[in-house]
Amino acid sequence: MQKMKRIKIAELIKGQADGSTVNVKGWVRTKRGSKGVAFIQLNDGSSINDLQIVVDLDKLGEDCVKLAHTGACLSIIGKTVASQGTGQSIEIQADSIEVLGGADPEKYPMQPKAHSMEFLRENAHFRPRTKTFSTVLRLRHGLAFAIHKFFHEKGFYYLHSPIITGSDAEGAGEMFRVTTLDARKPPLTETGEVDFSQDFFGKSTNLTVSGQLEGEIAAMAMGEIYTFGPTFRAENSNTARHLAEFWMIEPEMAFYELEDNMALAQEFIQYLIRFALANYPDDLKFLDEKLAKEESQKKAEERSEMGLIEKLKFVVENDFKKLSYTEAIEVLKNSNYHKKGKFQYNEIKWGMDLQSEHERYLVEKEFKQPVILFNYPKNIKSFYMKQNENEEVGKETVRAMDVLFPGIGEMIGGSQREESYEKLLKVVTEKKMPLDSLWWYLDLRKFGTAPHAGFGLGFERLIMFVTGMSNIRDVIPFPRTPKNAEF
RNA sequence: UCCUUCUUAGCUCAGCUGGUUAGAGCACAUGACUGUUAAUCAUGGGGUCCUAGGUUCAAGCCCUAGAGAGGGAGCCA
């Protein structure tokens, strides 16, 4: 058999049905046919669309498609012809079929039918071969690329913040310990504690929960930077919105104040969604239809008013609703939900942390669009956030912001940072934080401090919104959650 | 971690008030069919009813414990 250059299906279906001979390779989605002719639906991941291979059984013999079961990998040489069927405009008339890898249909778990998302998670090694999941992976790639494109075009620098951190002061939750000590009998100090001075780094280290503090180092020299990397939280969170290992984008900008930060957050998200709409129309159309089908099975009052693409366009075309925490409390207090006692936490008062039902009310019922909440009470937010000035005692707020999305909750959390050395030191002392591991962070305020701000965007939550997938475990190839690190 | 629901064929699920040999659709195999689009039609094989105890003449069904999963909540991105 002569060696022929392989052509990707995405490229092939864009071209003309001119009778030219090509070689395509891919995996069988499904096979069907009758006595004289068989049809193989082939996909190679380059596109959501399958390629239809037409096999003349009288010419090639019945045996040539015997092993072309769902999941098998084939290399096919044939002619590109205009399709006689209605599902596609171009197809391949096969001249030869080579089975690169068979897939025993009695044992191969994937079938040419709809599988539940739970089942696919348990078969994560074959999950990318499904239409839904390959679509999610293509969009995931596209959005990752668009993130770099956006920041590059704006003059931001991509900073690689460390994955192993010696700082336990980030305060963003439980951490995973990184150690080379013997787990069965670690060296102990005289007082019976584990002696981390004998550990690999000579101190206790963990996987990062945020690159923000290191990001600030770079922002105080390079101006505008962003990080984009894996992030780890050892919280025992069992929800459709949390992962133990996820990817986070954290821009950090010198000379930005809270308002600039909010404007950047909106511009950023809108840019990414616009990119997805422009570059992945087929994939989004498929997800749009899939979601519409799921919605039609729900009760009328639970159905969302907009389709996926409609929703994405709406977000691109409209400013986010900006609202201070104090205003949000008033809105909640005056809401019918509150008056009728519909909130589970129905005692709404200034200073409380908003429950997700409150956030959902604001986003999904009251404003029906993305909402940016800002100026939160000082007591419920992190130590590094800049405090507002001239406020009533007991009503102090910090320049924090959360970007809330329908169906997702918090997509972005960020703030203007406290740039005053004295004020930051005061908070660090009040909160009894370990000064010895924060010395370099405080130094940034001591030498050449500047107003600055930044935020963190959960990459998987963004993908959830863009794809309409309802579980975060279905937008990352290998989800890590409590009790689950298979694959 | 808490609340709640669930676990029956390869997959999705039904299984009545506890009663004899546990069902369906899809998938798979075989056959029929000259171009199908989740092809269609016919026939067939396929079960540790999540696990371990218990109640009962009798348990897929009731009780206890455990494991896993879904949904909701908390923590957050």
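All values below come from the heavy atoms of this structure, side chains included, with hydrogens, waters and symmetry mates left out. Please read these numbers as outputs of a predicted model, since none were measured by experiment. In what follows, chains are A, B, ... by sequence order, proteins preceding strands, each numbered from 1.
If you check every strand for non-hydrogen atoms under 4.0 Å, Arg29(A) touches nothing. Using a 4.0 Å heavy-atom criterion, one finds that Gly413(A) contacts the sugar-phosphate atoms exclusively. Looking at heavy-atom distances under 4.0 Å, Gln344(A) makes no contact with the nucleic acid at all. Residue contacts for Gly85(A): at a heavy-atom cut-off of 4.0 Å it reaches a base atom on one of the strands shown. Gly36(A) comes within 4.0 angstrom of nothing in the nucleic acid, heavy atoms only. At the heavy-atom level, Thr86(A) lies under 4.0 Å from base atoms of the strands shown. The residue Leu462(A) sits apart from the nucleic acid: no heavy atom pair falls under 4.0 Å. If you check every strand for non-hydrogen atoms under 4.0 Å, Ser83(A) touches a base. Counting any heavy atom pair closer than 4.0 Å across all strands shown, Met110(A) reaches no nucleic acid atom.
Summarising the geometry, the separation between CG on Leu57(A) and C1' on rU36(B) is reported as 12 Å, rounded to the nearest angstrom. Put simply, NZ on Lys59(A) is 15 Å from C1' on rU34(B), counting in whole angstrom units. In this entry the distance linking CG of Leu243(A) with C1' of rC76(B) reads 12 Å, nearest Å. The distance between atom CD of Gln88(A) and atom P of rA39(B), rounded to the nearest whole Å, is 12 Å. Here rC76(B) presents its P atom at 19 Å from CD1 of Ile408(A), a figure rounded to the nearest Å.
The base of rG35(B) sits within donor-acceptor range of the side chain of Glu91(A), with an N or O pair under 3.5 Å. The base of rU37(B) lies outside donor-acceptor range of the side chain of Asp50(A), with no N or O pair under 3.5 Å. Between the side chain of Arg233(A) and the base of rA77(B), a donor-acceptor pair under 3.5 Å is found. Taking only distance into account, the side chain of Gln111(A) meets the base of rG10(B) through a donor-acceptor pair shorter than 3.5 Å.
Comparing rU34(B), rA73(B), rG72(B) against the side chain of Ser34(A) picks out rU34(B) as the nearest. Here the side chain of Arg32(A) is nearest to one of rA73(B), rU37(B), rG70(B), namely rU37(B). Residue Thr70(A) places its side chain closer to rC28(B) than to any other of rU1(B), rG35(B), rC28(B). The nucleotide whose nearest atom lies closest to any side-chain atom of Ser116(A) is, among rU12(B), rA69(B), rU36(B), rU12(B). Distances were taken from every side-chain heavy atom of Gln52(A) (C-beta onward) to each of rU37(B), rG70(B), rU1(B); the shortest belongs to rU37(B). Counting only heavy atoms from C-beta on, Phe119(A) has its side chain closest to rU12(B) among rU30(B), rG35(B), rU12(B). Closest approach to the Glu106(A) side chain among rU30(B), rA29(B), rU1(B) is made by rA29(B) (side chain taken as heavy atoms from C-beta onward). Relative to the side chain of Lys113(A), the nucleotides rA69(B), rG25(B), rA73(B) differ in distance, and rG25(B) lies closest. Comparing rC76(B), rC26(B), rC28(B) against the side chain of Asp353(A) picks out rC76(B) as the nearest. The Gln93(A) side chain lies nearest to rG35(B) when the options are rG68(B), rG35(B), rA27(B).
Spacing of P atoms, rG19(B) relative to rG60(B), comes out at 10 Å, to the nearest Å. When the P atom is compared between rC26(B) and rA38(B), the two are found 15 Å apart, to the nearest whole Å. Nucleotides rU20(B) and rG72(B), compared at atom C1', are 43 Å apart to the nearest Å. The separation of rG68(B) from rU30(B), taken at their P atoms, amounts to 40 Å, rounded to a whole angstrom. When the P atom is compared between rG15(B) and rC61(B), the two are found 14 Å apart, to the nearest whole Å. Atom P of rA27(B) sits at a distance of 46 Å from the matching atom of rC57(B), rounded to the whole Å. Remark: the separation of the P atoms in rU5(B) and rG44(B) is 41 Å, to the nearest Å. rA39(B) sits 47 Å from rC3(B) when the C1' atoms are compared, rounded to a whole Å.
Under the Watson-Crick or G-U wobble criterion, with both distances below 3.5 Å, rA73(B) is paired with rU1(B). Shown here, rA24(B) forms a base pair with rU12(B); the pair counts as Watson-Crick or G-U wobble because both key distances fall under 3.5 Å. Pairing partner, rG68(B): rC6(B), with both Watson-Crick or wobble hydrogen-bond distances short of 3.5 Å. In this structure, rU55(B) forms no base pair with any nucleotide, since neither Watson-Crick nor G-U wobble geometry is met with both distances under 3.5 Å. Of the nucleotides present, none pairs with rG45(B) by Watson-Crick or G-U wobble criteria with both distances under 3.5 Å.
With 3.5 Å as the limit, one finds no donor-acceptor pair spanning the side chains of Glu357(A) and Tyr345(A).
You cannot call Phe39(A) stacked on the base of rG35(B); the centres under 5.5 Å and planes under 30° rule is not satisfied.
For Glu252(A) and Arg417(A), the salt-bridge test passes: some basic side-chain N is under 4.0 Å from an acidic carboxylate O.
Both tests pass for Lys381(A) against the ring of Tyr376(A): distance under 6.0 Å to the centre and angle within 45° of the axis.
Glu259(A) CD: more than 12 foreign heavy atoms inside a 6.0 Å radius.
Aromatic pair Phe150(A)/Phe268(A): ring centres closer than 6.0 Å.
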- Task: Start with the C-alpha gap between Tyr384(A) and Gln212(A), add the side-chain angles, then the distance that decides, and say whether side-chain contact (heavy atoms from CB on, under 4.5 Å) holds.
- Result: CA-CA 10 Å; Tyr384(A) 51 73; Gln212(A) 180 201 322; 3.2 Å; yes
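Looking at Tyr108(A), Phe487(A), Phe119(A) one by one, the single match for ring pair (Phe, Tyr, Trp, His ring centres under 6.0 Å) with Phe126(A) turns out to be Tyr108(A).
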